[in-house]
Amino acid sequence: METVNCAFIVRKDQEATNGVVHMIDSFLDPDFTVPRDLAELVVQDGRFSELAKAMEQSGFVDRLRNSQQPCTILAPSDEAFQKIPQSRLEKIMNDKYAREALLENHVIPHAICLPAIIGEHKVRTLGSQKLTFDCDKKGTTVEEKRLRSDFLMGQNGVLYMLDDLLLPDRAKSIMQLAEQEQLSVFLQLVRSAGLEDAFENFGEYTVFAPSESAMYALPPNQLQELKINKDKARNFVLYHAAQGRINSDQISDNQVVMSLDEQNPLRLQVYRKAIGVEDALIEKADLQGMNGNIHIINKALSPSNFSAGDILRRDGNFSIFLQAIEKVMESSPETLESQTPRASFTFFVPTDQAFNRLGATRLERIMDDPAYLTKTIKNHVVDNMMASEAFKPDLYYDIQTRQNIVDVVRKNGKLKVNDATVTDCDILSTNGVIHVINKVLLPDQHTEG
């Protein structure tokens with residue numbers, strides 16, 4: 001699409017004996033072109049006093065004037081600002097980063113002419129977000145807001161007037177971001193827990209919000225109980241949030257942050273191409289709002305109240321593994337000592353049936369050999385906490401245990417550790433995660449084939 005001063009060229013390159021003719025679809029009105037820059041147009045035009053005030057507060061006038069490239073300003077009228085509740089508008093304007101993000105979201109770093117918009121078109125603003133332009137019989141829209149057809153053309157670009165503000169994420173509250181992402185069930189729990197005001201007006205917080213499908217993956221009885229029980233809803237929501245703004249690029253492996261319930265920590269992991277929170281993965285990161293961040297996760301979280309040893313003892317199917325650990329701890333207490341406070345481990349735990357498959361004679365020999373038994377136990381313990389979600393299908397992972405490297409792969413829906421198959425996974429404990437396996441990982445045996 002080719003235009004001249006935003007008039008569409010309908011026929012071009014009509015050669016004549018004394019030049020070339022280009023036919024355009026409208027009159028080039030000199031009143032639309034003014035010998036001033038766009039920042040000056042905004043400041044001097046009486047319809048944009050609120051926008052002009054925000055630009056001057058943020059030093060945005062000089063930023064536009066010093067830019068060497070043409071741009072498009074989608075200028076909200078004063079009436080557009082009045083559509084935002086006064087208290088919310090004041091928060092945006094008093095927040096340096098929200099105010100700057102708002103201004104950036106109304107500036108496109110190149111000239112856009114409406115005749116060139118013939119269908120859906122995404123355009124990046126000066127900020128980090130993209131705006132969607134589209135058109136229909138009534139004209140052109142941006143983010144489903146109607147653009148006026150009249151415009152002003154300055155020395156460094158084009159200005160269109162908008163009757164609505166285009167709010168970027170950074171100028172929205174956590175509640176607004178959750179609504180935008182259609183996290184309906186989680187929002188319902190926030191409201192029933194009486195936490196709406198906190199996430200709307202206070203912060204900063206980081207919220208690890210389960211996706212809609214993650215919420216519906218909960219057992220129906222549990223989900224219904226959360227919906228009707230205010231205390232349980234409150235505990236659930238508070239466990240999914242932490243104080244402060246935590247960006248994904250600031251998360252380190254095995255990082256621990258205290259949840260808002262002030263009792264249960266959240267353990268964060270950095271995987272090959274993902275970030276984990278307890279046994280969930282972040283599937284959409286860094287929705288940055290005015291009072292905090294939202295990371296959307298693929299599982300609802302539940303705090304762990306028992307150690308790995310307590311969980312295994314209560315189950316009753318891991319007595320040989322527990323007996324082996326006791327023997328090792330008696331002879332070598334340092335074997336399972338953590339290197340850091342609040343360390344979390346991954347335990348690959350064979351069932352009693354897996355040990356018994358070794359045969360009574362061989363099992364007795366292993367249990368009576370302290371050095372070999374120590375190596376065997378260490379071969380089932382990884383110093384990092386690794387949920388099953390960390391392992392993507394058909395990719396091979398070399399995982400360093402406290403003894404050897406084991407091969408982990410997910411194939412045909414099954415998770416394999418060397419030649420063992422994980423039969424139950426992601427059993428969370430206060431000191432890590434348990435994956436139950438059907439074979440013993442002997443230190444002198446490796447994957448077959």
Derivation of the side-chain hydrogen bond (donor to acceptor under 3.5 Å, both in side chains) call for Lys416 and Thr421: CA-CA 5 Å; Lys416 302 278 288 187; Thr421 299; 3.2 Å; yes
Please set out all donor-acceptor pairs under 3.5 angstrom arising from side-chain atoms of residues 52-62, sequence neighbours excluded.
from: Ser58; atom 1: OG; to: Ala54; atom 2: O; distance (Å): 3.2
from: Ser58; atom 1: OG; to: Arg99; atom 2: NE; distance (Å): 2.7

Assess whether atom [atom1] of [X] is packed by more than 12 heavy atoms of other residues, nucleotides or ligands within 6.0 Å.
| X | atom1 | value |
| --- | --- | --- |
| Glu262 | CD | no |
| Lys83 | NZ | yes |
| Lys130 | NZ | no |

For Val436 and Phe318, what are the C-alpha separation, side-chain angles and deciding distance, and is it a side-chain contact (heavy atoms from CB on, under 4.5 Å)? CA-CA 10 Å; Val436 178; Phe318 305 100; 3.7 Å; yes
Under a 3.5 Å threshold, yes or no: a donor from one side chain and an acceptor from the other, between Ser248 and Asp286?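 Checked: Ser248/Asp286 side chains pair up, N/O donor to acceptor below 3.5 Å.
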Is it true that Thr401 and Asn404 share a donor-acceptor pair across their side chains at a distance under 3.5 Å?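 No pair is found: no donor N or O on one side chain lies under 3.5 Å from an acceptor on the other.
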For Glu283, is there an ion pair with Lys299 - N to carboxylate O distance below 4.0 angstrom?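 The answer is no: the pair does not qualify as a salt bridge.
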Considering only NZ, NE, NH1 and NH2 on the basic side and carboxylate oxygens on the acidic side, decide whether Arg267 and Asp253 come within less than 4.0 Å.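 Salt bridge flag = no for Asp253 with Arg267.
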Please report the C-alpha distance between Asp394 and Lys411 in whole Å, then the side-chain angles of each, then the deciding distance to 0.1 Å, and finally whether the salt bridge (Lys or Arg N to Asp or Glu O under 4.0 Å) criterion is met. CA-CA 6 Å; Asp394 301 320; Lys411 275 189 173 292; 3.6 Å; yes
Take Asn291 and Ser173 through the test side-chain hydrogen bond (donor to acceptor under 3.5 Å, both in side chains) and record every step on the way to the result. CA-CA 6 Å; Asn291 62 330; Ser173 69; 5.1 Å; no
Would you find a donor on one side and an acceptor on the other, under 3.5 Å apart, between the side chain of Ser259 and the backbone of Ala242?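 It does not hold such a pair.
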Is a side-chain donor or acceptor of Asp95 paired with a backbone partner of Lys91 at a separation under 3.5 angstrom?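 It does not hold such a pair.
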Determine, stepwise, if the pair Glu143 / Lys122 fulfils salt bridge (Lys or Arg N to Asp or Glu O under 4.0 Å). CA-CA 10 Å; Glu143 295 296 301; Lys122 293 185 182 295; over 6 Å; no
Just do the side-chain hydrogen bond (donor to acceptor under 3.5 Å, both in side chains) check on Asn254 and Asn384 with the steps written out, would you? CA-CA 7 Å; Asn254 289 321; Asn384 292 342; 2.7 Å; yes
Can you name the nearest heavy-atom pair linking Ala300 to Ala214, along with the distance?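 Between these two residues, the closest heavy atoms are N-CB, 4.1 Å.
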So, taking the atom named CG in Asp164 and the one named CD in Glu79, what distance separates them when rounded to the nearest 0.5 Å?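 Spacing of CG (Asp164) from CD (Glu79) equals 11.0 Å.
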Go through Asn293 and Val207 one step at a time and tell me if the side-chain contact (heavy atoms from CB on, under 4.5 Å) criterion holds. CA-CA 6 Å; Asn293 289 3; Val207 178; over 6 Å; no
Is the positively charged end of Arg314 above the ring of Phe306, judged by distance under 6.0 angstrom from the centroid and angle within 45° of the axis?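 Yes - Arg314 lies over the ring of Phe306, closer than 6.0 Å to its centre and within 45° of its axis.
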Quick check with a 6.0 Å cut-off and a 45 degree axis cone: is Arg272 positioned over the face of Tyr397's six-membered ring?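 The answer is yes; both the distance and angle limits are met.
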Flag the pair Phe208 / His295 as yes when their ring centroid distance falls below 6.0 Å, and as no otherwise.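 Centroid distance Phe208-His295: below 6.0 Å, so yes.
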